[in-house]
Every structure is written in C-alpha cells, then in structure tokens.
*Asks:* 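Take this structure, written in structure tokens, and hold onto it; I'll ask about it next.
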Amino acid sequence: MLRFLIKRLLLGTLTMFAVSLVAFGMFFMLPRDAVATMCVKNCNPERLERVRVELGLKDPLIDQYTGYMKGIFVGRDLGSAQGGFCDAPCLGYSYTSSEEVSDIFARVLPVTLSIVIPASVLWLGLGIGLGMISALRRGTVFDRLAIGFSLTGASMQLYFVGGMLMIIFVYTLKILPVPHYTSLWDDPLDWASGLVLAWVALAFLFSAVYARLSRAQMLETLAEDFVRTARAKGLSKSRAYGRHALRAAITPIVTIAGLDIGGALGGTVITETTFGIQGLGRTAVEAVRLGDLPTIMATVLISAVFIVVANIVVDLLYAVIDPRVRLS
Amino acid sequence: MRSRAILAAGGVLALTVALGACSENKNTDSDVDTDRVASGAIATDPKDSMGPAKAVEGAAKGGTFTVIRQTKISHMDPQRVYSFVGLNTAPLYARFLTTWKDDGKGNVTLVGDLAETPGVNVNKDCKVWEFKIKDGVKFEDGSAITSKEVAYGIARSFDPDLAGGPTYIQEWLANDAAFDTKWDFKANKTSLPPGLTTPDAKTLRFEFAKPHCDLPFAASLPATAPLPPAKDTGVELDNKPFSSGPYKLVKNTVGVEMLFERNEHWDANTDPVRNAYPDKFVYKFGPNAEAQTNRLIADGAEDQATLGWNGVDSSLVAKVAGDAGLMGRTLREPTPSAWRLSINTQRVPDLSVRQALNYAIDRSGMVKAAGGDLKVAPLTTLMPPSTLGFKKFDAYPADIEKAKSTLAGKTPELVLVIGDDSGAQELGTQVKNDLEKAGFKITIKVIPADSKLDETKKKDNPWDLYLDSWAADWPSGAALLPVLFDGRTIKAEGNSNTSYINNDAINAEFDRVLALDPAAQAPEWAKLDERIMKELAPAVPLYADVMFVMHGSKVGGVYIDSIFGYPAFTRAFVKQ
Amino acid sequence: MTHDAASPPYLQVDDLRVRFSTADGEVRAVDGVSFGLQRGRTLGIVGESGSGKSVTSLAVMGLHDPARTRITGAIKLGGRDLVGLSDGEMRKLRGRDVAMIFQDPLSALHPFYTVGRQLVEGYRTHHAGASKAQARQRALDMLDRVGIPQPDRRFSQYPHEFSGGMRQRVMIAMSLMNDPALLIADEPTTALDVTVQAQILDLLADLQREFHSAIILITHDLGVVSQVADEVLVMYGGRAVEHGTVAQVMRGPQHPYTWGLLASIPSLHGDPEVDLKPIKGNPPSLINVPSGCAFHPRCAYAMKPEPCAAQVPQLLAVQADGHRVACHLPEPQRISTYTDEIAHVGVAQ
Amino acid sequence: MSLSQIGTDAAGVDATAVPVAPQPGMVGRSPGRLAWARLRANRTAMVSGWIMLFFIVLGLAAPLIELLYGISPFEQFQDKIANNSLPLGYFGGVSGEHWFGLEPQLGRDIFIRLVYGLRTSLFIATSAALLTTALGIVLGIVSGYLGGWIDGVISWVIDFALALPFLIFALAIMPTVTARFYGPRDEIPVPFRIGVMIFLFALFGWTGTARLVRGQVISLREREFVEAARASGAGLFHILFRQLLPNLWAPILVSFSLAVPGYITGEAALSFLGIGVVDPTPDFGVMINKSLSYAQTDPAYLIFPGVVIFLLVLAFNLFGDGLRDALDPKSSR
C-alpha cells in the first residue's frame, strides 16, 4: 500500500515535471511578443529590448526554466520593476497585469472553487441519486423520466443551457441577479445567488452523465450474485441495495467523479465565459492570449496539480473502498 | 415517455420564443449629437484657475459613489497612469500641473490645477515654460505641495521600472525618444532631469531644446502629479498612491475593490474643477459590460449610486434604447476615439487605389456591424469632431460605382489583418464585403488581437489594410495628425504612423502649424486634415466611438469628458 | 438414510407457475410443477439452462421482482403457503427457514466485505437480540464446521483471499448460520475443480445428516445427483418431465429427455468406442414454448403431429411406486427403447 | 418480430434467474446480424438514426440547399438590420425569405449558415472520432497485451495527457501551428484550421478509447483462443489485430458512436472560445458565442443554433445508446 502510494506520488511528480516543460515550451513557441504587448503608446525598439533583458527573456531557455522552477521552491529576485524579491512559492510576476501571479490566484481561485465545489456536490447528489433510484425502479415512469432527463442533459451544451437559464431567470422572470462573484465570507446570500445559475447549468449537464452512469452501474450491480446472496440471507431491500449494491456500484463513479472534479478545478473556462465570471479558467485563457508567461505557467501547473492529485486521491479512495486493490 | 422530457424542454423553448417574439424591432432615432463642434481655450486669467469649482445644480454632499468595471485599473501610480479609466480616476486622488474645465459637451478650457495658470511661455518661443504652484495645496498628510514634489514626480517618470505612463515631457526634456538613457533616475535620485529646475518652492521651470507649444496640454496628464521623495515606494506606489487630490485610497484589494475616502487636507478653494461631493468613492471590479448593464437596468438598491464603466453592452443597446426610462439614466456622447481603415501606403502606393478604397466603404453598414448608432458615429475625417477647430467634410462620399471607375478595371488583391477579438471579426467581414463589391480581392488574416496592435506598428509589416484607432491625449490636431502622418518619425517598430505615409509637403505643413500659437493652430489642423485626405488618402475614416454609459437612479453630475470620451467624476454626486 | 417415509413433506410445491413479463412477451419460466420434500431428504432438480429449475428454487426463496413476476400455485413450507406473502414476511423466512447456496461462490460473496462480516450479518438479521460476540462465535463455529482451517484468522479475510473450494465452504457456512430447515443449492459445484466438487458434495451430505434439513440440489449433471440425492425431478421447458427416486430415474428412466441427459454423463463403465451423445438442438424459448410436449422438436421418438406436437403430456405415475413421467409414448415402448438402445451407453449404477 | 434474448434483458435479482433461450429463428445468425436485428427493433434508436441521417444529408447537400434556398452563407442583408444593429421585424427577423432570421450586425442568413455549420461540425466530429478511436485501439491493444514497461509508459502518457489542460493547450497550439505553416499574408485556409482541430482532438482524445481497449484486452489476453494463437507461433501483429481486435469491435463501435456527439460538442466549444473555426466560416460554436450576448434582445439568435446543435447531439447520443444496447444487451437497458 505504501509502496503503491509512493509509486503514484513519484509518477505524479514526473507528470508535473513534464507538464511544466510542455507549458514552458509552449510559451516560447507562441508566435507573439509578450513584451511588445506590454507597452502601450510609447514603445521603441531599444526600450522593448531592455525590458526583455530585464525580464530575463534573453537568457538561455534552460536558465529561464530553472529560474522559474527555483522561484517556486525557494523564491527568487524578480528585479525592481517587478516588486523585488518574491518569496517561495513564487509563481512570478504577471507581464500584463503588473502584480504577482500568486495575487492573481488568490483572487481567481476562490471563484473557481465557488463554482466547482457546490456544483459538484449538486451534480453528484442529483446524478447518483437519480441513477440509483431509476435503476431500482427500472421500467417505471420515474425511470423513463430520469432517462429522458439524462439524455437531454447529456446532449445539451453548457453555453446554451447557461444562455437559456439567464434568459428565463435573470431577464424574463428577474428572480436572480446577473451571474457574478462575491466572496462567500462577505455576503453568503449574494455569493449563492450570483453563482446559482452556474451551479445549475453545470449540475444539469454533469448529473445527466452521472445519472446514466450510475443507473447502468447499479443495474449491473443489482444483477450481481452477491446482491442476491444478501437478499437470500434475509436482508431487507434497503440494506441489500442501499449497502451491498451501492458500495459496489459507487467505485467506478468515484473514479470518474474524482477526475471530473479535478479537471473542473483546473478551470471551468466555458462556464466562466458563459456567465461572465472571472475565474481560473478565463484567467488562463487570457494569459495565453496575451502571452503572459508567468500566468500561463502557473495556471497550467495549478490545473495539472488538481488533476494529478485527483488521480492519486481516486486511487487511494479506490483502495479504501475495494480491499482487492488495497491488498494486492 | 422519453420524448416527454424533450417535450418539456421544447415547452421551455417555446415560452422563451414567445417572449422574444412579442416585440417588433424597428428603426429608432438615436439622439447622439454627432455633429457637435468642440470649442476650447487656454485660461490666461489666474482667477479661472482658482476654486472652488462651480456648484452643480441639484448636487448635495455625501453618499458613496460606486464605479463598476470589468478589469482592474492597470496602474494607479500617477506617473504610470495612461489608461482611460486611470486618466479619469486619477483626479480623485491626484492633482496635476494643469487640468481641463469641461462642460461635457466639447467646450473646454485649460486651467491651472496645482499651477496658478496653465503655464507661462516665458520667451514666447515655446522653449521655456514656467509654472507657479498655488498656495495652500497639500498632500494627504497635510504637508504642503511645492514645486519640488512636482519636479520629483516628473523625475521619477524617467525610471524604466515605472514605465507605462505618457512620455511627452520626458522626451521633450531629454530631446530624445530614449530619454531614460539620457538621464538615469535611479543614479540621480536627488537631482532633476536636464532642463527641469525649481528656482524656488513655488516655481517650476522647463527648458527645452526645441519648441513645445503643447506643454500646457501635456502637463494636464497625471504624470505631473506631485510626490514627496520620502513617500516614493517605487512599484508599490501602484497599490497605494500618495494623495494630493480630494480623496485618498484607504483600502485596495487589488483587482477586487478600491475604497476612496476624503482627504481632509484638500482645499476646495484651490481647486477649479473638483467638486468632490460624495464622501466615498468605491471601485468594484469583475462584472463585464453585459452584467454591469443588467445590474443598472435593474437599478437595485445597492446599484442606484453606481456607474457602469464599460458602457451599455452592445447586445443590450436595443433594450436600453427602446425604454425612455432607461435612456434617462444614460450618457451618450461621441468620443475622440476615431477608427480608421489604415492603408499601408508602402504596399499600396497607388493613390487611385486608396481613393477607391475610400469610395467603397459604406459607413451605414459599418455602423450596423459595429453595434449600431448608439455605439459608433460615422466619420469621414481623420480628426474626430471633438478636436478643437474640427470642420466636417467628406472627400470620398460612399459610392460603389465611383470606386469601380476609380479603380479603372484594376482588381487589387489586398490583405486585411484583423485581431481575433469578436468585434473585429464582424468589422473585417464588413470591410471585405464592401470592398469586394467594388472589385477588390480581399484576404482576411486573423491574428491574435494583442499582437495585431504591435505587429502593425512595425514598418515592414506584411499587410495592406488594418483597422486602427487613435485617441489623442488632448483635443488638438497636434496630438493627432503629426503623430499619425508625419513620415519623418517612421522607425523600425512601434510606429503610430501605421499608414507609413511620408510626404514632404505635408511634413513641412506639420512643422509650420506646430510652431503656431496653440489657439491659432486649431483651424489650420482642420484644413490640413482635408488636404491629407484629398492628396494622400492614407486611410479610410470609419467612425468615432460613442460613449454610451448607464448609471443608477441616484447618480448625478457625471459627464462624458471631452478630452478622452470617458465618464468623468469631478462633478459626480449622489442624489439624496 | 434416516428419513421417515410417513412424515409429511416439509416443502410442498403444487402446480407452481412462474411468469415474467418482458418487452418481448410473457416468459413462462415454470409451468405447472408439483413436488414434495421431507426434512432429511435431498431432491435433485435436473435440466438444461432454461428448464425452469433455478426459477423454481428462486420462487421458493421469494427472490423474484414482484413487479414483473406472476407466481401462481402453492409453495407450502412447513405448512405455510409462501405464494402471496409480502416481501417483509418473506424476508423473515429467507436465510432462517430457507437458505441458498449459489453456483459461483466468488461472485456470490461481496468482494468488499470480510467473510466474517458477511456471516455475522446473516445471523444478526434473524437474531435481533444477538450480540456481536455471539454472532462472531456462531460464525467461527460454522466456519470450523464446514472445514475451514484457522477460522479465527479467516474470519477477517476477504473473499478474494480464499480458494474456490474454501469460498464455497464459506457460502455453505453462511447458509447454515440460522439452522435452515430447507437448503437450496443451485449448482454448488459447477464452478469448482472435480476433486473439490466431491469434497463439497460430501460436506453437504454430512451436514444434512447432522442438521436434518431438506436439500434441493439444482444441477444439470445427473452424475452429481446420483451421488447425493434421494429423489430426482427432471425439468424441461418449465415443466417437470420425470420424477422419482434416484434409483428409479437412474436405472429405469422413461423420458427421452432423461435419456439424453444420462447419455451425456461420461461413464467409466460404458463403451469407450461410443461417443457421448449430446442432445441435439437447443432448449426451447420460454416465450413461444413448442406446442404439445415441449421436447417434441428435439425428440427422436416423437409421434408427430399427434399427439406429441398437439397435447401437453401429463406427469403420470408409471407402474413403479412414485415414479412419474410426462410422455406420450406408451410405457412399454419407453422401457424397451431405453433398455435396447440407450442403457448400454448410459451410466451403470 | 421479437428477437431479443429474453433472459439477459432482465436485471436485478432476475437476471441470472431467467434462462437464456434464443429462439429457433435466431440460431446460426452472426452476432452482427443479431445486433442489427435488435437495433431495428429499437424504435427510439431508429427514429434518432433517421434524424441523424437527415442531418448528415443536410450537411452534405449544403451547396444544393444553398442553390434551392437562394442565399449564400456570406451574403449580408443589412437593409433588414435596424440602426440598433438588430434585425428588423419579429423574432430575429424570421420571414418567408429568411426562415431562421438574420444575424444582428452583419445581417447574414441564419438558416443557411446553420446548414453549412452542420457540415463543418459533422466533418470535424466524425474525423476526430475516427482518428481518436484508431489511435486508442492501437495503443490500447499494444498496452494491454504486451503489459510490462510498454504498458507502464503508455499508461503514464495517458495520465500525462489527462493532466494537460486541453483548452489552454488548444488555445496555444492553434496560433503556433498556423504560424508555422502559413506566412503572415496568407489566409489560413479553413481546411487547415479544421485539420488542426482534428489533430488537437486526436492528441488529447485517444486516452478514453485506449483505456477501454486496454481493459478489454487484459481480460481477453489469457483466453484460450489467444493462448492457442500464441502456442501456434502466430506473430504479434497477428495476435493483436487478427485475434484480439475482432473481439473488441462491439465496445469500440459503441465508444465511437458516442464519441461523435462528444466531438460535435467539443468542436462547438473550441469555436465558442475562438480557438477553432473562425468567422466568416459558418459554425455552431461561433454563432452561439456571438448570440449569447444577444440572449435578451434577440433570443432567436441563440435559440436556433442552440436547438439545432442540441437535436443533433441528442440524435447521435440516442442512436449510440441504441447501438450499445443492440451490441451488448447486458448493458444499461
């Protein structure tokens, strides 16, 4: 078990390293000049060149890369134009927004978390609940409605659902404010009302997928011999289905849920774009558009960390749930 | 059964269809005064530069005025402020050498802000200028503002770390575009740049190698804000500027919110333009134009004293325009942001082709493609109507047949480069379709919007046509025509003359007019505008942006400033 | 055998019919089956897949989905009719009065729970007052009883840590936790190695002597039946086609289908030159059961069209005591055909 | 005709209780024919199949439809646009001439642009699904069958590909690649952009199929027929693609059929973000992106493309589900 964990962690580190290399390489392949972008009206070639030197963009790529990575672990000096020494974990100083990238994160990460966490609770609850119930009530009207719901949801586009939700609830019924982000700690009610449409849209789409998945999984599990054994022992339906079947049916769902949530934490670009909320996803997209290397690196790394960690967590969860994994 | 859910979804759609279909979209008249003519003067009487500012009718003191904006303000350090939002926010917490008295309708007067008058042209040759600092002007800590702090502010704008702000004064003092190599601020923090002196605590003196009659204008930019050397925190000043204006920044959550409260040491009697009615100003960042507009349409309790900086979203223009009640809470004025289709004359040397391009563009379609007549106003001149001395003319009235005959059977193949931002793509399509009707063959090249900006500024850029905009830093033709069309300034990159036109006769005209007294220049620029269009046709003027902003029901006193075309807050108040 | 022939049957099934409604039509999985079974006796139910043998046993357990299953007839357990009992009532019987062992012990045990937990759970379901320790002791006793070494250690292991035979022993231990009067073993040895098969069958026989329960052994293998059962019920197409003691059915089978089953048992004593004879054709659809005798399309001796393809043969007693057969062929012909053509390739008892 | 196997249709406690009893009529039919027969019997799948076919024909026949409809996707009708840049008239300018109305601003016809958008979308989705499936099959089979370090490497690459944020990379790769292949004055041809999109999908999309195939292969690896082939000295290629692959076609076909609607959505999403197809090429994602901000003032602009893409994806999903049921009756239904 410990060996397994160590192996997973090592592989995860390797993945992160590879991701950082790719992200770094990607930036230098970009056909755009971040420095030229930074200057407004008064740029001349000499000044641009001096800024490039200042930012270290003239150093060998290897030095730039190691410099950046060093910053993450021990911090580094960014120069007087970028606020001097930057403590570890230093994610660098944004070229375009004149602030430390970690400050940008402190601003946009809560936004993405505020979208993803409630939405995932909603979609997992709704999706798994629907799927399980419809599997147990196979063939009933409920089941058919649930299938219809999940197929509709799985075929919908987030931006379309989002647009329609806004037309209905914001513009026509006027019962919700235009989607926006407020800090949960400042005003919980405004936080919720500003994000609820994003949650609903995400939950609608994802829960459809999870309803389908968990229905199929539950049906498969219900057909398993051990469920019949449980019933044959005289266990009640609720116990046989609610415990024995559910526990077995939930494992593959945990895997997918882990990866989905991990991926979503790395940025819900389309959700953010649809609802006009500035989270990690849009920040990343804008950073790429503007060629803002430190922000690109940091967003890519953060979202990769989420995915890699989610992967490891899923593996661990799997081991907790399934003794066959744990003991092999 | 499965279809039932689909039916239900269909029902919701049908509902919204019904909602959408219940109103017919018709043509409406916008009442933007696109033909207003600007008038301007430079105040010579020191009384004009003294406070207090003229009271605004119906205004009351107190309350919190809120501005919402999509993204944070890139720089708050006055020496680095150059964005429109920065330029119009800086007056809250900083004072400059000169400033504009502005009625919001194009009638402006340049007055002294910290200075008693907008500068004295000592030898009448525009080479030596003197400013006398007013008595009783103070920083937020109560210390007096003298010519020393103003000079220090100008000096620190030489620091390459503090880039971003305008560079006129630095370049004029150093007589070199690479001013920071001429004088190193970091190495000489206790001295002043060449040509800048403070003979006494009241006097600031500029001595230039060449005449710069525009100095009083340039001095109105926030870069002339004062700063005591002890309060210079370098790049950190961006987050916490040291106030010389009526408000001070007391809380700054970068990118989220800024809170300004009164600076008790500011004296209204010294200030000719700032009324400073509200007790507090709050800037909130995040919501996009659409969200801002929707909030303001709703006019909820928390948004009644709020202004949406990013304007009425183009998607909502129709909604706002169709509702007289909402229109009553909007400001709509043409701005100095003028758009043109630049023609790279290095690649399109044939004047007849450039003239044909001019004939081929149909501005009424352009206006629709750009979002309607509440977003843009058609323009046939290089200078926008907000320029002092503006005179309307149309050298090439839109006419496809005329365009064809001007081309005389030629079918020029031209490449139009546009950015990948969504607005630009519509315009690109519009331009392409217009031009192809006249016989051009247009290739649209889409590149990232931000790199388009600097790529087209490279002299050897490979494109023929591009959409460009220019907003002058002061409403004088001097800040527009020579900047955009003087061929002698063309360098390898970073050009504003993106038409790369270089005509000796015109260049000579620039020199002649620039040497005139600022007041005398105005009509000359208008004549020169027409001459450039007729003789060189280096661009196709398209339209000027219309500023169409909305505010809550308790907002008063806000106007669209005539210099930059953005909401200005010097007279803002919260209705009680 | 210690049974008392005069005692009333513990399980009495009368004219049991089980039907499922499916999208494709009604499945007549069991169609009029009757039999009785006393405590201490073992009944082997034999047939191919789809013959209705498993459905019969599941009907006794009450494990069908009530929404889609129609059960008619009577299933009397200790005098009480199970047909029509609510799931709640049925639940109390399951595992206590009737227990079941399934074919594949690996899939029949929950992979995520320890063996001990699964045993204890069955016990405590029916012994509400029992403490955990009591239940654990009972489980250890049962594990020990079914021949699992080191029950203490094994108690906290997971099913995948057991071998196939050991798993089946666990299943048996689980079924015995509550001293059931009736034990249904659905193909308990099919998934096991031959040597292990014999051990498990021996174990079942031992346990039966000890606990004096009735056992229904479901299998497709007449050979298995001959080793442990007292009686045999041969099913085909949802109907009983032959019923009698092991001796009667094995020595003098009278239904052509039974002959086919017998012929497919490899025999140590038979002529090695004669190939095994699988029954030609496929089992019948239970939605469109062939008319008349369901076996007639595959029966080499069928008298077509009348009466085999037209009339459903009744399960009628033959001369020998208690031996019943459902076949239209005249009894003498059945006896002679068997002795002349079939017996020499079949099993010799 | 009631041809489906009765037994395996059941689930829950009945599943193993009901005997599998194929009908006499089915004996001797190949699994493919059986599946086809089951598919034919599934009304939902057939209806969605027809809708799917309708969309495909519509897309393929786009130029013909343009001819009949008489309006090109690039033609502007700005005389029908009001000075607030929205179409004149009711519901986004719907009229006998413009069935789905006009786009705001430029005034192009929405119907004909949707027809062409369909064509783009279907082409990209189908090619991407084909490519990713092929890639996934090869890597999945190799990884699952060979095991060992090859499996380790491929599995790590899968993890790695999953850890890369797709949209960000797509955003970065598109301009990089186009800059590498085309000069600054060249218009990027639409087929090239489409090609890059397909390539992007292939680069990131093969992992799902590879995982699926790998799992299946691992379970098949020790089966007799593979052992037999191995014992008889069959080459690796033979075992992988002649022995194993034929046993995988059912799950592969299902994953392919469900990948197509996935890529329809994906293509629209990329274009929605301005990464994929760009104006003036007609495209769903581009249209929806633009229409989103008109949700209040011109909802028709959002609704027409939104509903079309929804129906398209729904038809593909329903058909894919039907196909899955037909190929693998034990699954969900």
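What's counted below: heavy atoms across the whole structure, side chains too, no hydrogens, waters or symmetry copies.
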*Asks:* Give, as side chain, backbone, both or neither, the part of Met177(C) having an atom under 4.5 angstrom from any heavy atom of chain A.
*Replies:* neither
*Asks:* Does any heavy atom of chain C fall under 4.5 Å from the side chain of Arg137(A), the backbone, both, or neither of them?
*Replies:* neither
*Asks:* Set out, in order, the CA-CA distance, both residues' side-chain angles and the distance that settles salt bridge (charged side-chain N to carboxylate O under 4.0 Å, His left out) for Arg215(A) and Asp143(A), then state yes or no.
*Replies:* CA-CA 9 Å; Arg215(A) 181 178 180 274; Asp143(A) 182 30; 2.7 Å; yes
*Asks:* Considering only heavy atoms, which portion of Met90(C) lies under 4.5 Å from any heavy atom of chain A: side chain, backbone, both, or neither?
*Replies:*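 Neither part, no heavy atoms under 4.5 Å.
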*Asks:* Go through the atoms of Gln118(C) and report whether side chain, backbone, both or neither lie under 4.5 Å from a heavy atom of chain A.
*Replies:* both
*Asks:* Check the pair Tyr113(C), His244(A) against side-chain contact (heavy atoms from CB on, under 4.5 Å), reporting the backbone distance first and the verdict last.
*Replies:* CA-CA 9 Å; Tyr113(C) 295 127; His244(A) 286 232; 4.0 Å; yes
*Asks:* Which region of Thr125(C), side chain (C-beta onward) or backbone (N, CA, C, O), has a non-hydrogen atom less than 4.5 Å from a non-hydrogen atom of chain A, or is it both or neither?
*Replies:*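 It is the side chain, since no backbone atom gets that close.
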*Asks:* Quick one: does Arg167(C)'s side chain get under 4.5 Å of Val115(C)'s, heavy atoms only?
*Replies:*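 Side chain of Arg167(C) against side chain of Val115(C), heavy atoms only: no contact under 4.5 Å found.
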*Asks:* Within the supplied structure, the quantity of interest is the number of heavy atoms (other residues, nucleotides, ligands) at a distance under 6.0 Å from Arg124(C) CZ; does it exceed 12?
*Replies:* yes
*Asks:* What part of Ala99(C) gets within 4.5 angstrom of chain A, counting heavy atoms only: side chain, backbone, both, or neither?
*Replies:* neither
*Asks:* Could you check which of Gly95(C), Ser175(C), Pro111(C) has the highest count of heavy-atom pairs closer than 4.5 Å to chain A?
*Replies:*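 Among Gly95(C), Ser175(C), Pro111(C), the one with the most close pairs to chain A is Pro111(C).
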*Asks:* Tell me, side chain or backbone of His126(C) under 4.5 Å from chain A's heavy atoms, or both, or neither?
*Replies:* side chain
*Asks:* Work out which heavy atom in Ile312(A) is nearest to a heavy atom in Arg8(A); give both atom names and the distance.
*Replies:*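 Heavy-atom minimum between the residues: CD1-O, 3.8 Å.
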*Asks:* Salt-bridge test for Arg228(A) and Asp225(A): reply yes if a basic N is under 4.0 Å from a carboxylate O, no otherwise.
*Replies:*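 Looking at Arg228(A) and Asp225(A), the cut-off is met.
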*Asks:* What part of Asp87(C) gets closer than 4.5 Å to chain A, counting heavy atoms only: side chain, backbone, both or neither?
*Replies:*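 Looking at Asp87(C), just its side chain touches chain A.
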*Asks:* Check Ala203(A) against Trp123(A) and note the closest heavy-atom contact, atom names and distance.
*Replies:* CA-CB, 3.6 Å
